[in-house]
Structures are given as structure tokens and as C-alpha cells.
**Q** 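Below: one structure in C-alpha cells.
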Protein chains: 2
Amino acid sequence: MPPRNAVADRVRILLDERALVPGDRLPSERELAAQLGVSRSSLREGLGRLADLGIIEARRGSGTYLAALDLRDLTDARLRLEPYAARLAAERREPRDLVRLDETLAELRGSLEDRAGFADADLRLHATIAEASRSLPVRVLLDAVADLLRHSRAVTAVDPDTRRATVVVLERLVRAVHAGDGEAAEIAMREHLGHVVAALPREGG
Amino acid sequence: MPPRNAVADRVRILLDERALVPGDRLPSERELAAQLGVSRSSLREGLGRLADLGIIEARRGSGTYLAALDLRDLTDARLRLEPYAARLAAERREPRDLVRLDETLAELRGSLEDRAGFADADLRLHATIAEASRSLPVRVLLDAVADLLRHSRAVTAVDPDTRRATVVVLERLVRAVHAGDGEAAEIAMREHLGHVVAALPREGG
DNA sequence: GACCAAAATTGGTCGGACCACTATAGTTCG
DNA sequence: CGAACTATAGTGGTCCGACCAATTTTGGTC
């Protein structure tokens with residue numbers, strides 16, 4: 001997994017807590033650093049990561065602002081990348097990947113009534129698939145996708161029934177990875193993301 | 001376009017000049033900063049970007065090392081993403097995108113005998129497509145791809161004839177974007193990348 | 001109200017200090 | 001002589017305070 005910046009994650013959480021919307025201005029770097037209890041240097045390292053991802057935009061002399069993100073575009077991009085990652089994972093996975101996948105699947109089954117926990121386990125499953133693909137580009141790109149996703153709590157199914165359906169598809173995906181069946185894994189992932197698209201909030205009519 | 005770090009680019013060039021191979025150790029941060037004439041803080045900002053991309057790996061107490069990159073994996077990932085970007089570009093492009101595409105195409109035609117210049121213009125064309133897609137995820141992801149690509153001079157056709165063939169396909173791509181024909185743009189991009197795959201150096205057999 | 005200059009605020013860069021960890025060279029001991 | 005241990009120097013990671021550059025706000029002037 002690419003290196004992760006703890007400060008970036010904390011900033012993410014903070015933005016989420018304050019329910020900032022695109023265009024909103026973040027607190028100044030000095031203030032944010034104070035609030036998080038880290039130095040401005042470390043904070044800037046985290047902000048830089050978010051800026052590289054296009055999540056925030058810094059304007060010298062003015063401030064740092066939250067950028068807009070179209071969930072449909074993000075899901076469409078995932079729809080192109082992740083089925084490929086699933087195929088690679090099925091073809092290249094190693095024993096430790098299968099163990100992690102099984103564990104994560106168990107967590108998913110145990111979090112059917114816990115939306116946040118379910119979303120968390122879902123992210124972890126996707127990360128494991130990326131890891132198992134043994135492809136640096138895939139890992140880097142899907143890591144960026146995950147970072148973008150973390151900014152939208154709206155991507156997880158609201159009702160438990162939908163979550164149950166999700167688990168069924170993911171079970172099929174994991175089974176395919178176990179079996180080394182790249183084709184089946186790719187199809188399962190595509191179906192899974194198709195459900196994500198369907199659950200997306202409507203827009204513009 | 002996502003913010004870019006000038007220091008990261010200079011480090012990239014420096015690594016390229018010294019012909020470092022995966023596993024090689026980079027100079028220490030203090031030394032590298034001195035060589036580039038920037039502060040260690042700024043250098044670290046650039047290195048952080050490269051580390052996020054998985055291009056380098058820092059080991060505390062030991063040093064920073066160049067990671068390995070499988071060009072085939074990278075091209076396969078592009079093959080999934082870029083045709084989609086081309087489709088979006090055809091559907092969403094604005095007049096200024098078309099102007100830039102035409103300019104870049106002209107540069108390509110003029111650099112048939114200049115391998116480095118050709119590679120440069122090629123990268124710019126792909127960046128313009130990403131920009132024209134008007135999709136933040138696509139721009140972020142393809143920007144990362146471009147960063148990974150910049151580490152491999154081996155991706156450009158060696159002989160002028162192949163470059164000529166490349167231009168023909170890219171002309172078709174640009175024409176499709178002009179016409180707003182997403183399907184044709186996607187197909188053209190796929191064909192273009194197919195040629196890239198075919199030109200990849202053989203391995204392991 | 002319009003315009004302009006000064007001041008405050010903000011992101012960007014810098015240099016230095018210290019910490020945590022590693023690798024290496026010396027030293028000691030069996 | 002070799003192995004185990006111990007300084008020691010070197011490395012990336014974090015922090016701090018200062019200054020620079022650009023912008024925004026403020027206050028005055030007409």
C-alpha cells in the first residue's frame with residue numbers, strides 16, 4: 001500500500017464533521033494545525049496530499065477551499081478500473097490475500113446493521129483487492145479513488161436489505177478470487193459497482 | 001489540472017539522468033536538497049508526492065530507494081482508463097480544448113524526427129484529453145499515470161515510421177473529439193494504446 | 001460613493017533543531 | 001580469531017519560528 005499520511009486522514013475527518021460543502025473555505029493553515037495539535041509543516045504535508053487529489057484547492061493570500069466532486073464520475077472511473085483490479089487479484093493473489101479477504105467478508109456480514117462499520121469494511125475489501133492485484137499502478141490509482149471516496153458518506157447503502165444484497169455479490173467476488181477465476185471476479189466486481197451506481201442520489205431531473 | 005510540484009519534477013529528471021535502476025538508493029534528503037538548491041522542507045514535499053505514487057520508498061534510518069514499475073501493468077491500467085477519458089472528452093469538450101488538441105497534434109506532426117519532443121507532445125495530448133473530460137477523478141488518476149510514465153523513456157516508439165502510424169491514430173482520435181463522437185474517440189484511444197502495448201519490450205520469454 | 005494606500009491575513013519557502021531508527025565501525029570478551 | 005556488544009555517525013520524520021509573496025480587508029481621502 002502506498003504510504004499514508006495520518007494528518008491527511010484527520011483533516012478529512014474534520015472536514016466531514018463540519019459538513020463543509022464544495023466552495024467552503026477551510027480554516028487557515030495555522031489555525032488548522034493548532035486544532036489538530038500538529039505543526040504547520042506536518043499539516044501542510046497532509047494538505048498537499050489532498051491538494052494532489054484535487055480535493056482541496058489552495059489560493060495564496062486567500063485561503064484553502066473545498067473542491068467539488070461528482071460522485072457519478074467517480075463511480076464511472078471505478079467501473080473502469082476495479083473490475084480489472086479484481087481480475088488481476090484473482091490471477092495473482094497469494095495466501096495472505098485470501099485470508100484478509102475472508103476476514104473482511106466476515107466483518108461485512110457482521111456489520112449489516114452498522115452502516116458506518118459496513119462502509120469501513122467495504123473500503124477495506126476494495127483495498128485488499130487492489131493489494132492482491134500486485135500491480136503498482138492499480139494500487140496507486142485505487143488508493144487515490146479510496147481517498148476521494150472517503151469524502152462522501154453517501155456511497156453506502158442506507159437500508160440493511162441493500163447491504164445484504166451487496167454482501168451476496170461480494171461473496172461471489174471473493175469466491176472467484178479464491179478460485180483464481182479472473183473472468184468471474186471481473187464480472188462480480190462490475191455487478192457490485194453497478195449496484196453502487198444504482199444507489200447514487202439522482203441529480204438534475 | 002491538479003497542482004504540480006516543481007521539485008518533484010526536478011527530482012524525476014535527476015533520477016533519470018543518473019540512470020538509477022529499481023532498488024538503487026537515492027542521495028540523502030539533505031544532499032538532494034543541496035544539489036537542487038532548495039530547502040529540505042520543499043524537497044520533502046516533492047519526495048512525498050513521488051512516495052504517494054509508489055515511485056520511491058523511504059526507509060527511516062536507512063535511506064530512500066527507487067521502486068520497481070512494471071510497464072505492462074501500467075499500460076493495462078491506461079487501457080482501462082484512457083478510452084473512457086476519451087469518450088468523456090468527446091462528450092464534454094469545450095472550444096479551448098479543441099484548440100489545444102489541434103495545437104498538440106501539429107507539434108506531433110512536427111516532431112516525427114525528434115523522439116524526445118514527440119514523447120513530450122504525446123504526453124501533452126493525453127493531458128489535454130484528461131482535462132477535456134471535465135471529470136476530477138479522471139484528471140487525478142491520469143495525472144498520476146503521467147507521473148508514472150515519466151519514469152520510463154522506453155514508452156515511445158523508437159523509429160519514425162511507428163511514430164507516423166501513431167499520429168494517424170491520434171488524428172482520428174482528435175477528429176472524433178471534434179465531432180463529439182464518444183464511441184469513436186474511445187475506440188481510437190484503445191487502438192492507440194494497443195500500439196503502445198505492442199511496442200513494449202519483451203520480457204521473461 | 002469611488003478610489004487609493006496601508007495593514008492584516010493567508011499560503012509558500014526556508015533554515016535549523018531535535019527525535020526515532022538503522023547501519024556501520026570499533027571494542028570487548030570468550 | 002570470531003562473535004557479541006557498544007558507541008557513533010547517518011538517515012528519514014517532526015517540529016518550530018521566521019520571512020517572503022500574494023490577496024483581502026480596512027481605513028482614509030477626495
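Lettering of chains follows the sequences in order, A, B, ..., and the numbering in each one begins at 1. The figures that follow rest on heavy atoms only: side chains count, while hydrogens, waters and symmetry mates do not. Computed from a predicted model, the values in this text were never measured in an experiment.
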**Q** Please name all residues satisfying salt bridge (charged side-chain N to carboxylate O under 4.0 Å, His left out) with A:D76, sequence neighbours left out, ordered by chain then number.
**A** none
**Q** Residues in side chain to side chain donor-acceptor pair (under 3.5 Å) with A:R124, at least two apart?
**A** A:E107, A:D120
**Q** With A:A89, which residues qualify under side-chain contact (heavy atoms from CB on, under 4.5 Å), at least two apart?
**A** A:I129, A:A132
**Q** Any pair with a residue in residues 122-150 of chain B that passes ring-ring contact (aromatic ring centres under 6.0 Å, His included), sequence neighbours left out, goes on the list, sorted by first then second residue, please.
**A** B:H126-B:H192
**Q** Mind checking what makes side-chain contact (heavy atoms from CB on, under 4.5 Å) contact with A:Q35, not counting sequence neighbours?
**A** A:L14, A:R18, A:E31, A:L32
**Q** List the protein contact pattern of nucleotides 8-16 of chain C with one symbol per nucleotide (5' to 3'): B for base contact, S for sugar-phosphate-only contact, - for none; contact means a heavy-atom distance under 4.0 Å.
**A** -BBBBBBB-
